[in-house]
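This report concerns only the one structure given below.
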Number of protein chains: 2
Amino acid sequence: METGTRRSSRRTEALSRERIVEAAVELLDTTGEGGLTFRALAERLATGPGAIYHHVANKGELLSAATDDVVAAALDVEPPASPPADRIRAVALSLFDAVDEHPWVAAQVSDSLWQVTAPRILESIGRQVRALGVPENDWFVTTTVLMQYILGAAAQNAANARVAGPDADRSELLGAMATRWSELDPGDYPFTRAVAGQMREHDDREQFLSGVDLVLAGITALHLPVEQPERR
Amino acid sequence: METGTRRSSRRTEALSRERIVEAAVELLDTTGEGGLTFRALAERLATGPGAIYHHVANKGELLSAATDDVVAAALDVEPPASPPADRIRAVALSLFDAVDEHPWVAAQVSDSLWQVTAPRILESIGRQVRALGVPENDWFVTTTVLMQYILGAAAQNAANARVAGPDADRSELLGAMATRWSELDPGDYPFTRAVAGQMREHDDREQFLSGVDLVLAGITALHLPVEQPERR
DNA sequence: ACCTGAACACCGTTCAAGT
DNA sequence: ACCTGAACACCGTTCAAGT
């Protein structure tokens with residue numbers, strides 16, 4: 001045993017863009033945004049830093065490819081055979097969870113090469129918008145607003161989660177933040193103080209879904225032809 | 001003349017946190033995200049890099065303070081004496097434009113120390129939500145959703161604008177993007193292709209305001225007590 | 001107490017030299 | 001064609017030494 005020549009167990013597999021991006025995602029997940037280094041990545045792939053540049057133009061492209069991988073995987077789940085609104089909720093939640101699990105994706109959302117990934121999301125949500133009965137003239141506005149809300153909320157949620165690392169006690173964090181809010185100047189921040197309690201109790205995913213419902217209700221109110229709903 | 005001792009014209013003013021943050025904002029605006037360097041900042045302030053650390057803990061805190069400055073200025077405009085919904089639109093647009101003018105703010109939105117700035121925005125929007133007649137139990141959800149949409153949309157808009165620098169021809173960019181969209185695989189991207197034309201024609205600020213209206217309509221539908229509107 | 005600026009430990013990226 | 005890894009030009013941050 002331990003011949004070292006068996007195909008499936010050889011130590012050095014050929015370098016490829018695919019393997020590089022995969023390793024990058026792992027590194028980002030494990031060590032965070034700052035952990036992705038060409039040196040660290042090269043070591044993990046048992047090669048030198050220069051080798052990576054034969055498959056990837058630069059760090060920006062690498063990050064963009066990693067983001068695209070994560071988003072593509074999140075959108076790959078087959079939506080259930082349910083009404084369009086529910087499918088939108090499903091897609092939204094899938095993206096939300098993906099960003100939550102890979103918080104470094106959030107920073108990419110506000111970055112350039114993102115353009116590559118945008119059509120993926122637009123397509124996935126847009127089909128449901130169409131199925132919802134939104135008139136064609138409103139497809140772009142409606143779908144874009146949904147996408148903007150979903151990504152914006154996911155990004156801000158991930159930012160909050162990133163502050164204290166993955167092992168932090170969530171309710172403790174919320175508690176600390178709520179306390180900070182209640183200590184704000186009563187003259188300048190009456191609303192924020194009044195709302196600190198609700199902040200402490202809230203659940204991120206529930207809050208997110210409420211937002212999706214809100215946008216959906218807005219779409220219904222503004223962009224769906226009025227047909228007596230249910231009643232006849 | 002040119003005595004060099006007059007108070008208002010001396011070349012070296014005392015270093016202060018305020019002056020440092022101010023210079024950082026200028027540098028970020030002028031040279032972009034990558035242009036903010038302790039060396040460049042020190043040169044601009046006619047001092048050494050180490051001096052800055054006497055007033056600011058590190059680069060993260062500096063970026064956070066710069067962001068807070070910009071947001072505070074954007075929220076400082078007195079809202080007109082108009083209905084709450086219009087005041088929400090005004091605040092939203094003011095933030096949108098601020099992020100558009102200072103695109104580096106977008107990246108900060110998905111970053112940690114942001115927490116400092118969040119209450120500012122929450123307070124400003126929340127007061128209008130309250131004036132709108134939203135029941136107290138829904139204050140937090142409602143205001144947060146608005147904030148998430150506003151910041152998310154602003155960030156994604158800034159990202160798009162950042163791709164080609166400030167001098168790029170906007171309609172040319174949209175055209176190129178629309179063309180790319182129409183060249184996507186018809187089997188995989190039917191919706192995106194169908195919507196490419198609307199994307200080419202759209203106006204960013206208008207699109208953004210439509211989104212705010214959509215969220216407002218959702219709030220009205222879900223969170224405002226039903227009272228016969230206008231009619232009696 | 002504040003400033004200076006050289007020095008340290010890193011980083012992305014390049015490129016001659018190898019296979 | 002692909003890989004190697006030393007070298008280059010940078011960066012954030014520190015710290016002894018000055019005022």
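For the numbers below, each heavy atom of this structure counts, side chains included, while hydrogens, waters and symmetry mates do not. Just so we're on the same page: letters track the sequence lines, and every chain starts at 1. Values in this document were obtained by computation on a predicted structure and should not be read as measured data.
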Here the distance between atom C1' of D:dC3 and atom CZ of A:R19, to the nearest Å, is 13 Å
Length of the CG-P vector between B:L41 and D:dC11, whole Å
12 Å
Carboxylate-amine/guanidinium contact B:E43 B:R39, below 4.0 Å:
no
Looking at C:dT19, which nucleotide sits across from it as a Watson-Crick or G-U wobble partner, both distances under 3.5 angstrom, or is there none?
D:dA1
Looking at C:dC11, C:dT14, D:dC3, which one has an atom nearest to any side-chain atom of A:A51?
D:dC3
B:Y53 OH to D:dG12 P, in whole Å, measures 7 Å
Output the distance between atom CD1 (A:I125) and atom CG (A:L146), rounded to the nearest 0.5 Å.
6.0 Å
A:E43 CD to C:dC10 C1', in whole Å, measures 15 Å
For A:L45 and D:dC2, give me the distance from atom CG to atom C1', rounded to whole Å.
15 Å
Is the shortest heavy-atom distance from the side chain of B:E33 to the side chain of B:P103 under 4.5 Å?
no
Let's go through A:R205 and A:D100 carefully: what are the C-alpha distance in whole Å and the side-chain angles of both, what is the deciding distance for salt bridge (charged side-chain N to carboxylate O under 4.0 Å, His left out) to 0.1 Å, and is it a yes or a no?
CA-CA 10 Å; A:R205 287 176 105 237; A:D100 194 55; over 6 Å; no
For A:I52 and D:dC2, what is the distance between atoms CD1 and C1' respectively, to the nearest whole Å?
14 Å
Return the pairing partner of C:dT13 with a 3.5 Å limit on both distances, Watson-Crick or G-U wobble; otherwise return none.
D:dA7
5' precedence on DNA chain C between A:F38 and B:L15 (nearest-nucleotide basis)
B:L15
Need one value for B:L36: base, sugar-phosphate or nothing, where a base atom within 4.0 Å counts as base even if backbone is also close, heavy atoms only.
sugar-phosphate
From CD of B:E33 over to P of D:dC11, roughly how many Å is that when rounded to an integer?
15 Å
Measuring to OP1 and OP2 of D:dC3, would you say a side-chain N or O of A:H55 lies under 4.0 angstrom away?
yes
Please report the distance, rounded to the nearest Å, between CZ in A:R39 and P in C:dT14.
13 Å
Atom CD of B:E18 with >12 non-hydrogen neighbours under 6.0 angstrom:
no
Could you check which of C:dG12, D:dG5, D:dT14 has an atom nearest any side-chain atom of A:P49?
D:dG5
Considering heavy-atom distances to DNA chain D, does B:K59 or B:H54 have its closest nucleotide positioned more toward the 5' end?
B:K59
